[in-house]
Amino acid sequence: MVVGDVTTGTDVLVIGGGPAGYSAAIRAGQLGLDVTLVEKDAYGGTCLNHGCIPSKALITATDVAHEARHAEEMGIHADPAVDLAGMVDWKDGVVDQLTSGVEKLCKANGVALMEGTATFADENSVRVSHGGEGQGSESVEFERAIVATGSRPIQIPGFDFADDPVLSSKDALSLESVPESLVIVGAGYIGMELAGVYAKLGTDVTVVEMLDEMLPAYPDDLTRPVEKRAQELGIDFHFGYSASEWQDLGDGIRVVAEPAEAAATDGGTAEAVEADTIELDTEKVLVAVGRQPVTDTLDLDAAGVETDDRGFVPTDDRGRTNVDHIHAIGDVAGEPMLAHTGMYEGETVAEVVAGEPAAIDYQAMPAVVFTDPEIATVGMTEDEVEDAGFEPLVGKFPFQASGRALTTGHADGFVKVVADEESGFLLGASVVGPEASELLGELGLAVELGATLEDVSSTIHAHPTLSESVMEAAANALDQAIHTLNR
Amino acid sequence: MVVGDVTTGTDVLVIGGGPAGYSAAIRAGQLGLDVTLVEKDAYGGTCLNHGCIPSKALITATDVAHEARHAEEMGIHADPAVDLAGMVDWKDGVVDQLTSGVEKLCKANGVALMEGTATFADENSVRVSHGGEGQGSESVEFERAIVATGSRPIQIPGFDFADDPVLSSKDALSLESVPESLVIVGAGYIGMELAGVYAKLGTDVTVVEMLDEMLPAYPDDLTRPVEKRAQELGIDFHFGYSASEWQDLGDGIRVVAEPAEAAATDGGTAEAVEADTIELDTEKVLVAVGRQPVTDTLDLDAAGVETDDRGFVPTDDRGRTNVDHIHAIGDVAGEPMLAHTGMYEGETVAEVVAGEPAAIDYQAMPAVVFTDPEIATVGMTEDEVEDAGFEPLVGKFPFQASGRALTTGHADGFVKVVADEESGFLLGASVVGPEASELLGELGLAVELGATLEDVSSTIHAHPTLSESVMEAAANALDQAIHTLNR
Amino acid sequence: SGDAETPSGHVFAPPSVRRLARELGVAIETVEGTGPSGRITDGDVRAAAQSDAQREPDVESETDEPTDSATAGADAEPETDDDPGGDDAATAATQAAYARGAATAQVE
Ligand SMILES: Cc1cc2nc3c(=O)[nH]c(=O)nc-3n(C[C@H](O)[C@H](O)[C@H](O)COP(=O)(O)OP(=O)(O)OC[C@H]3O[C@@H](n4cnc5c(N)ncnc54)[C@H](O)[C@@H]3O)c2cc1C
Ligand SMILES: Cc1cc2nc3c(=O)[nH]c(=O)nc-3n(C[C@H](O)[C@H](O)[C@H](O)COP(=O)(O)OP(=O)(O)OC[C@H]3O[C@@H](n4cnc5c(N)ncnc54)[C@H](O)[C@@H]3O)c2cc1C
């Protein structure tokens with residue numbers, strides 16, 4: 001390894017300025033540690049620049065137009081025109097505000113910021129190469145390192161993100177005009193969120209998914225309202241198909257998909273095993289089949305840090321890799337690859353590094369899919385409760401019975417809670433419906449605190465709110481619901 | 001007392017089918033009691049028919065149009081037309097669905113329903129007179145009675161709700177066309193919620209308030225964002241004035257208001273003591289100055305039940321009046337006059353009646369004002385925490401720092417939590433901003449369960465959500481917030 | 001049931017109590033909960049730490065942090081600003097005041 005002329009020393013080196021990395025750096029700074037954060041690209045990482053925030057901005061904005069367009073029932077007649085370039089500008093403004101906020105917060109908490117790509121030289125130093133021509137590089141020595149280099153979209157054979165009609169999720173969040181048609185490969189959460197955005201913008205959306213259902217990570221009762229809505233939005237689905245290649249048609253492209261063996265041999269539905277190749281003519285194709293860890297710029301070997309067979313960096317409950325003084329957090333450390341997981345790990349590991357009695361020991365990890373309607377889950381599923389050896393007691397409340405839901409015109413879906421029958425402790429919850437993402441806050445707190453069904457059902461909730469549904473679902477498990485029938 | 005030909009007997013008689021009454025009846029039915037519910041007018045009471053539900057329906061619907069109309073920044077160009085009669089029809093449909101739901105739920109839980117007006121004959125019976133001509137009346141004997149007769153809007157001298165241009169809140173929720181101008185007397189929550197609705201519908205709204213500020217029950221930091229928004233909406237205010245009379249102008253009316261002595265002698269602001277009478281020309285005037293208990297149809301004297309000087313029926317923590325076997329719940333039993341208070345009291349008293357160890361002993365009573373933005377509070381205020389002998393520790397998080405808030409285009413306001421400094425127990429919280437009403441669910445649970453700031457701040461919240469602001473406010477109190485500066 | 005041991009090892013204790021257990025070197029899975037439905041309270045953890053201390057006087061060394069000398073600098077010292085046992089009683093009393101479930105909710 002070439003050693004540069006400049007050598008900096010830092011107690012704690014954080015590599016990567018996404019939610020995991022900046023949270024770790026800020027918390028370390030708050031704890032009085034000498035901390036340096038290296039980021040090669042943009043503060044805020046995937047989440048702020050090309051992930052959570054831009055996607056939610058577009059989802060919310062397209063909903064404003066879509067809601068008004070479909071509110072005749074409420075006595076509202078509107079035909080909004082959407083200027084996608086204008087919407088993307090607005091979204092970029094939101095992103096800028098947040099990323100510059102992250103930068104300010106880092107500085108205010110005493111974090112030294114360094115721009116460049118960090119590569120391990122050995123167990124106690126990295127080389128940071130600065131971006132532009134002739135910007136050179138420098139060596140940084142550390143006592144402890146925290147790897148937070150995140151993830152990137154997976155490319156599949158036949159679809160190169162460098163080609164113009166082939167979009168990654170990042171590209172799909174910055175289009176300048178609404179495509180007439182869009183094929184989306186992958187019906188996971190990213191694909192389904194963007195399917196909703198473009199369908200509402202008027203694009204003819206077709207989704208190709210290898211497995212035989214959308215959002216395969218979620219149980220059917222949760223995905224059913226989303227499926228119904230997707231149909232209303234005119235989104236077409238081809239389940240059990242793998243996209244294999246695309247062809248240039250001059251004024252558009254043709255996406256070719258083959259029956260996915262996996263689905264077929266699995267005994268998929270009739271629809272899923274249609275024998276033949278399908279051809280879908282479209283303007284663009286978005287590939288959203290998953291994300292993989294980013295470690296290629298790091299030279300982990302030089303530091304002796306091991307990865308697993310998928311490239312993730314395994315860690316223990318203090319976020320330590322196999323090398324004790326090198327930690328890994330966020331997407332690069334494996335599932336669940338979610339921003340809030342990364343932030344929690346970042347804060348926790350910063351505390352560990354500062355010698356505090358911290359550990360990664362949550363009871364309740366939330367997850368949200370911002371489809372229409374939203375899906376939100378926290379803690380254990382009914383099956384997991386059973387597998388863990390508890391007797392599951394389930395309570396449910398349909399939004400059709402919620403006054404607040406009806407006043408918003410969105411009453412599909414339900415809140416479901418799962419508890420241990422004997423003790424009444426809440427172990428998990430799931431919601432599909434309006435503001436599911438926000439209702440999860442209370443449900444997560446309840447699981448995390450070890451609240452019982454009775455605790456939740458006898459806490460007064462303001463009327464009329466959707467959050468009453470949380471209380472009613474808990475009461476339903478106890479056969480005490482007022483606004484829905486008990487079992 | 002004349003005794004009718006028919007006499008029915010019931011263990012538990014509930015008088016009034018609003019939220020308090022129907023909740024009591026349903027819970028009593030679930031507990032196996034023989035229960036009869038008498039309602040003179042419409043199941044669901046004020047709340048479902050002329051209160052919470054219709055007002056929230058109109059607020060939400062007008063917001064759909066208003067949001068789209070003001071979304072140029074997001075790249076959306078729309079000029080929605082609102083047909084108020086259509087909107088009111090839709091609202092009535094929502095109300096019908098809910099009130100018929102209440103009726104079904106009562107029946108399904110074994111509640112006997114009786115239509116008519118109940119008047120006490122003595123301590124153990126009422127006479128129920130049925131509505132229409134020649135419908136007669138009957139006598140009902142009971143072991144226990146639960147009075148849940150609710151409240152009605154207060155009339156002020158000079159303004160008779162029977163006169164066409166004078167509106168009660170009930171009238172204002174069912175107008176067939178948008179008035180050009182509207183004077184609202186009273187800047188309490190009902191007045192301010194409706195001011196927002198009509199301003200957004202294009203009405204020229206002027207609010208006259210006796211005191212020297214809007215929403216006087218709430219501290220200034222919470223009302224400031226609402227005040228700012230009201231100004232943007234073009235709502236005019238006259239504080240320190242009492243409406244005294246109205247005059248017919250032929251094509252409209254003139255509302256006359258005098259300086260309110262109370263405010264003036266109170267040393268109100270210069271604006272508040274402008275010496276002269278003001279005259280406001282307008283199409284309609286809405287009087288929303290408060291609500292009073294409904295007991296006039298009851299003849300409480302016949303049962304020996306006492307009321308206080310404002311007409312409310314005082315009760316103990318089991319909801320008992322001075323007559324042990326007669327309970328009172330909901331608005332008729334006093335402040336806070338809120339639907340969820342009534343429902344909680346109803347359920348609790350049903351359990352008391354069934355011999356369960358229940359009591360009215362909440363730690364956290366929520367309250368929401370559905371203005372733009374919403375205001376929501378639960379538990380103690382900072383002052384109350386101090387008065388109770390705790391050392392208040394405050395944490396705050398501004399929505400300007402919330403990624404989710406920015407993606408909705410609504411980032412005014414904040415979440416504020418108050419805890420006991422020594423123990424860290426959360427004692428109260430307030431929110432002004434987007435979805436404040438829904439965020440209150442988690443905050444209420446935290447206060448009710450005796451959660452600490454650390455419990456809330458270390459519970460993982462999904463990103464990006466507004467509910468993260470709850471976590472961040474708790475972290476801020478501990479100097480551990482990531483997304484806002486600490487003190 | 002009042003028994004803290006659950007089939008899965010899932011712990012019914014709020015985060016503040018779980019952190020206290022780490023701070024005091026108490027294995028929380030072994031602590032008997034006395035809160036509502038057997039929830040583990042901070043008092044339970046402190047009591048467990050006390051009885052552990054009686055059995056194993058060297059409990060301090062169990063606070064498992066590898067408070068690496070590597071961390072160097074002023075902050076290597078673990079922040080145990082909470083004086084264990086000191087405000088025990090006060091905290092327990094305040095908690096009792098708020099854990100209303102304990103007082104009134106035991107319906108059976
Ligand atoms: C379209 C989309 C929508 C999403 N929506 C959500 C959502 O709603 N909620 C949610 O929880 N999650 C969502 N996610 C996932 C979320 O974005 C990630 O989980 C999160 O960004 C992971 O954070 P991280 O800090 O681990 O990594 P990243 O955010 O990926 O940040 C890693 C950073 O490290 C930098 N870096 C990499 N290598 C080096 C190096 N060698 N030297 C210096 N810097 C380096 C990168 O430039 C990057 O800035 C979404 C993702 C996508 C793509
Ligand atoms: C415009 C408006 C908006 C509101 N918004 C909210 C809100 O968002 N959230 C909230 O919590 N609260 C709100 N409220 C207040 C809420 O409506 C009341 O707190 C709630 O309705 C009280 O419930 P109750 O059951 O005590 O009485 P009521 O709902 O008033 O019901 C009483 C019932 O008793 C019947 N009755 C009366 N006398 C007799 C008799 N002698 N015999 C038989 N029946 C009788 C009446 O017909 C009525 O149906 C609002 C009120 C208004 C006016």
Side-chain angles (χ1 to χ4, degrees), chain A residues 23 26 30 52-53 56-57 60-61 64-65 67-68 71 73-78 80-83 86-87 90 94 97-98 101 108 339-340 344 362 365-366 368 401 403 406-408 435 437-438 440-442 444-446 448-449 451 455 459-467 470 480 482 485, chain B residues 23 26 30 52-53 56-57 60-61 64-65 67-68 71 73-78 80-83 86-87 90 94 97-98 101 108 339-340 344 362 365-366 368 401 403 406-408 435 437-438 440-442 444-446 448-449 451 455 459-467 470 480 482 485:
Chain A
S23 298
I26 289 174
Q30 286 169 353
C52 330
I53 295 300
K56 268 81 260 184
T60 310
V64 168
E67 288 276 287
E73 200 199 21
M74 289 178 166
I76 296 166
H77 306 275
V82 176
D83 154 28
M87 191 178 280
W90 165 75
V94 168
Q97 183 169 345
L98 289 167
H340 46 272
Y344 173 80
Y362 56 82
M365 179 58 70
V368 175
L406 291 174
T407 63
T408 67
E435 303 295 344
S437 55
E438 299 300 345
L440 206 57
E442 176 177 4
L445 186 72
E448 197 65 54
L449 292 186
D455 288 333
T459 293
I460 306 175
H461 285 65
H463 183 77
T465 60
L466 298 167
S467 74
V470 168
Q480 294 176 357
I482 295 294
L485 288 180
Chain B
S23 298
I26 289 175
Q30 286 169 354
C52 330
I53 294 300
K56 269 79 257 184
T60 310
V64 169
E67 289 277 286
E73 200 199 23
M74 290 178 165
I76 296 166
H77 306 274
V82 176
D83 153 28
M87 192 178 279
W90 164 76
V94 167
Q97 183 170 344
L98 288 167
H340 46 274
Y344 173 80
Y362 55 83
M365 178 57 70
V368 175
L406 291 174
T407 63
T408 66
E435 303 296 345
S437 56
E438 299 301 345
L440 207 58
E442 175 177 3
L445 186 75
E448 195 66 51
L449 290 189
D455 289 334
T459 292
I460 306 175
H461 285 64
H463 183 76
T465 59
L466 299 167
S467 73
V470 168
Q480 294 175 358
I482 295 294
L485 288 180

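Letters go in sequence order (proteins before strands), and every chain restarts at 1.
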Answer key: most heavy-atom pairs under 4.5 Å with chain B among A:Leu98, A:Val64, A:Ile26, A:Ile460 is A:Ile460
Comparing B:Ala339, B:Ala61, B:Ala108 against chain A, the one with the most heavy-atom pairs below 4.5 Å turns out to be B:Ala61
Margin query: Are the side chains of B:Asp455 and A:Glu448 in contact, using a 4.5 Å heavy-atom criterion?
Written below: no
When you compare the side chain of A:Ile53 with that of B:Thr407, does any pair of heavy atoms fall below 4.5 Å? yes
| Is there side-chain contact between B:Met87 and A:Ile76, with heavy atoms separated by less than 4.5 Å? | yes
Whatever's closer than 4.5 Å to a heavy atom in chain B on A:Leu445 counts as both
In short, B:His463 meets A:His340 closest at the heavy-atom pair N-ND1, 2.9 Å
Per-residue tally against chain B (heavy atom, under 4.5 Å) across A:Ala451, A:Gly441, A:Ala78, A:Gly86 peaks at A:Gly441
Max heavy-atom pairs within cutoff under 4.5 Å with chain A, candidates B:Leu466, B:Thr408, B:Val82, goes to B:Leu466
Note: vs chain A, highest number of non-hydrogen pairs under 4.5 angstrom among B:Glu67, B:Glu73, B:Gln480 is B:Gln480
Taken to the nearest 0.5 Å, the spacing of B:Ser437 OG from A:His461 NE2 works out to 12.0 Å
Of B:Pro80, B:Gly101, B:Ala462, the largest count of non-hydrogen pairs under 4.5 angstrom with chain A goes to B:Ala462
Query raised in the report: Are any of the side-chain heavy atoms of B:Ser467 and A:Leu440 separated by less than 4.5 Å?
Result: no
Okay, A:Val470 and chain B: the region with an atom under 4.5 Å from a heavy atom over there is neither
When the 4.5 angstrom heavy-atom criterion is applied to A:Ala71 and chain B, the contacting part is side chain
If one checks every heavy atom of A:Gln30 against chain B at 4.5 Å, the contacting part turns out to be side chain
Under 4.5 Å to a heavy atom of chain B? For A:Glu435 that would be side chain
Max heavy-atom pairs within cutoff under 4.5 Å with chain B, candidates A:Gln97, A:Lys56, A:Glu438, A:His77, goes to A:Glu438
